[in-house]
Amino acid sequence: MTTDRLNSIRKAFSDRFSGEPSFVVRAPGRVNIIGEHTDYNEGFVLPCALSFDVLLAVRPRADDTVALLSTNFSGETSFPVDDVEKSGPKWAHYIKGVAVAMREAGYSLRGMDAVVEGDVPLGSGLSSSAALEVAACAAFKRVAGLDIPGPEMAQICKRAENDFVGVASGIMDQFISAVGEAGHALFLDCRDLSYEQIPFDVESAGLRLVIADTAKRRSLTEGVYNQRVAECAEAVKLLSQFIPGIHSLRDVSFDQFQLHQPHLPEIIRKRARHVISENARVLGAVDALRAGSFEGLGALLNASHESLRNDYACTGHHLDAMVEESRQIPGVLGSRMTGAGFGGCTVSLVKESSLDQFLTTVPEKYTERTGLVPTLYVVTPQGGAGLV
């Protein structure tokens with residue numbers, strides 16, 4: 001976060017509400033290194049937090065009104081914190097949902113004036129929505145003087161997105177935004193929410209982590225994401241006839257899947273195969289990082305993309321083109337789509353000696369194939385939500 005951004009949001013607050021904000025909180029977006037569409041199946045994920053973030057400049061009020069202004073979107077809105085309706089601008093629904101979820105969790109909230117500003121690329125799959133939710137939770141928490149640990153904040157924000165916004169997301173995005181640690185990836189068990197910070201110092205290994213935004217946008221609320229969630233639930237229902245006691249695809253080993261997969265319709269079989277094999281790839285990636293094998297990690301990134309393309313059908317022309325062009329560069333250890341898919345970003349593990357060639361050649365080749373102009377970012381893992 002730059003000084004210019006901080007000064008800008010403070011000025012926007014002063015212009016709208018007069019006077020200075022009492023504090024500014026931030027919550028980061030994330031890139032998922034590996035473990036796609038496993039979180040809502042109670043599986044394993046390995047994300048890291050980014051320097052892209054959402055800022056809230058905040059001042060408490062004496063009443064129960066929350067007054068909001070966004071510098072990214074036109075318009076502003078306000079609502080009573082104890083009587084929230086799903087109305088007004090869509091960007092405010094994420095903040096309203098957090099207020100509802102916090103009150104349902106038993107927390108008493110106070111009103112506040114707040115200006116919202118974010119630089120997480122929208123619709124890119126870097127989790128701008130979760131960053132907004134976690135930043136809102138951090139703001140409400142501080143205004144009301146509440147003590148809420150990061151993992152609980154993540155659960156509150158997940159409920160906001162599921163129940164109020166209406167997206168059947170898992171817990172990963174909110175969790176990494178709340179508890180991320182600089183220089184580390186987060187190995188998270190999405191069932192019991194146990195987690196471990198895994199050292200992820202790519203630069204010391206002579207590597208760089210590159211995110212490529214394809215400029216192809218998607219919306220998770222258009223139904224395809226929720227359809228995948230339903231398909232996974234159907235796989236569990238069908239497999240439970242042969243494997244008693246399973247509650248999610250997390251409970252199914254690959255050997256069990258191989259034995260019983262003939263009983264599944266083709267589409268359901270493919271969806272289940274991706275989730276079950278992706279869980280194994282996350283565990284393999286953690287082992288690779290612990291052993292210092294970035295080559296092993298890169299191979300798993302490649303395998304993940306193939307599974308997402310062939311079995312989960314959530315890549316598409318633009319993501320596939322970006323991955324294919326990335327892999328043409330010597331020194332790229334692995335490349336895959338990241339996020340929910342259907343547009344958004346890829347993540348690639350690139351040797352430092354090949355970085356300039358990657359940043360020059362890949363965008364050119366991608367534009368030739370798609371007509372879109374991508375944006376590439378060289379990133380390092382950052383810390384989670386907190387005061388600026």
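We number each residue from 1, following the sequence as shown. Owing to the predicted nature of the structure, the values given are computational and were not obtained by experimental measurement.
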#### Entry: Test salt bridge (charged side-chain N to carboxylate O under 4.0 Å, His left out) applied to Arg30 - qualifying residues, sequence neighbours left out
Asp173

### Message
Can you classify the ring geometry of Phe44 versus Phe187 as parallel (below 30°), tilted (30 to 60°) or perpendicular (above 60°)?
### Response
tilted

Check this for me, if you would: do [X] and [Y] make a salt bridge, where the nitrogen-to-carboxylate-oxygen distance has to be below 4.0 angstrom?
{"X": "Glu85", "Y": "Lys96", "value": "no"}
{"X": "Arg309", "Y": "Glu306", "value": "yes"}
{"X": "Glu161", "Y": "Lys158", "value": "no"}
{"X": "Asp63", "Y": "Arg61", "value": "yes"}
{"X": "Arg10", "Y": "Glu117", "value": "no"}
{"X": "Asp119", "Y": "Arg5", "value": "yes"}
{"X": "Arg191", "Y": "Glu42", "value": "yes"}

Give a yes or no on whether the backbone of [Y] and the side-chain of [X] come within a donor-acceptor separation of less than 3.5 Å.
{"X": "Arg159", "Y": "Val100", "result": "no"}
{"X": "Thr370", "Y": "Tyr366", "result": "yes"}
{"X": "Gln382", "Y": "Thr380", "result": "yes"}
{"X": "Ser240", "Y": "Ile243", "result": "no"}
{"X": "Asp251", "Y": "Ser248", "result": "yes"}
{"X": "Arg26", "Y": "Gly384", "result": "yes"}
{"X": "Arg110", "Y": "Ala144", "result": "no"}

Starting from [Y], can I reach [X] by hopping between I/L/V/M/F/W/Y residues whose side chains sit under 4.5 Å apart?
{"X": "Val165", "Y": "Met102", "result": "yes"}
{"X": "Val167", "Y": "Val45", "result": "no"}
{"X": "Leu46", "Y": "Leu126", "result": "yes"}
{"X": "Leu186", "Y": "Ile211", "result": "no"}
{"X": "Phe200", "Y": "Val286", "result": "yes"}

[X] and [Y] aromatic centres sub-6.0 Å:
{"X": "Tyr195", "Y": "Phe175", "result": "yes"}
{"X": "His37", "Y": "Tyr40", "result": "yes"}
{"X": "Tyr225", "Y": "Phe342", "result": "no"}

### Task
Classify the side-chain pair Arg281/Ser307 by whether it contains a donor and acceptor separated by less than 3.5 Å.
yes

### Query
Without hydrogens or angle criteria, can the side chains of Ser194 and Asp192 be said to hold a donor-acceptor pair below 3.5 Å?
yes

#### Entry: side chain to side chain donor-acceptor pair (under 3.5 Å) partner of His305, the single match among Thr346, Asp320, Asn310
Asp320

### Task
For the pair Arg336 and Glu36, evaluate salt bridge (charged side-chain N to carboxylate O under 4.0 Å, His left out) and give the outcome as yes or no after the intermediate values.
CA-CA 10 Å; Arg336 63 181 287 272; Glu36 225 61 80; 2.6 Å; yes

### Residue among Asn32, Val347, Thr315 satisfying side chain to side chain contact (heavy atoms under 4.5 Å, CB included) with Met337
Thr315

### Query
Would Glu324 and Gln328 satisfy side-chain hydrogen bond (donor to acceptor under 3.5 Å, both in side chains), going step by step from the backbone distance to the final call?
CA-CA 7 Å; Glu324 289 162 9; Gln328 291 297 314; over 6 Å; no

### Query
Which distance, rounded to the nearest 0.5 Å, do you find between the CD of Glu133 and the CZ of Phe164?
11.5 Å

### Query
Mind checking whether Met153 and Gln174 have side chains closer than 4.5 Å, heavy atoms only?
no

### Message
Just so I know, are the side chains of Leu355 and Val378 near enough to count as touching, which here means a heavy-atom distance under 4.5 Å?
### Response
yes

### Task
Please write out which residues are connected to Ile267 in a hydrophobic cluster, directly or through intermediates, given that two of Ile, Leu, Val, Met, Phe, Trp, Tyr count as joined at side-chain heavy-atom separations below 4.5 angstrom.
none

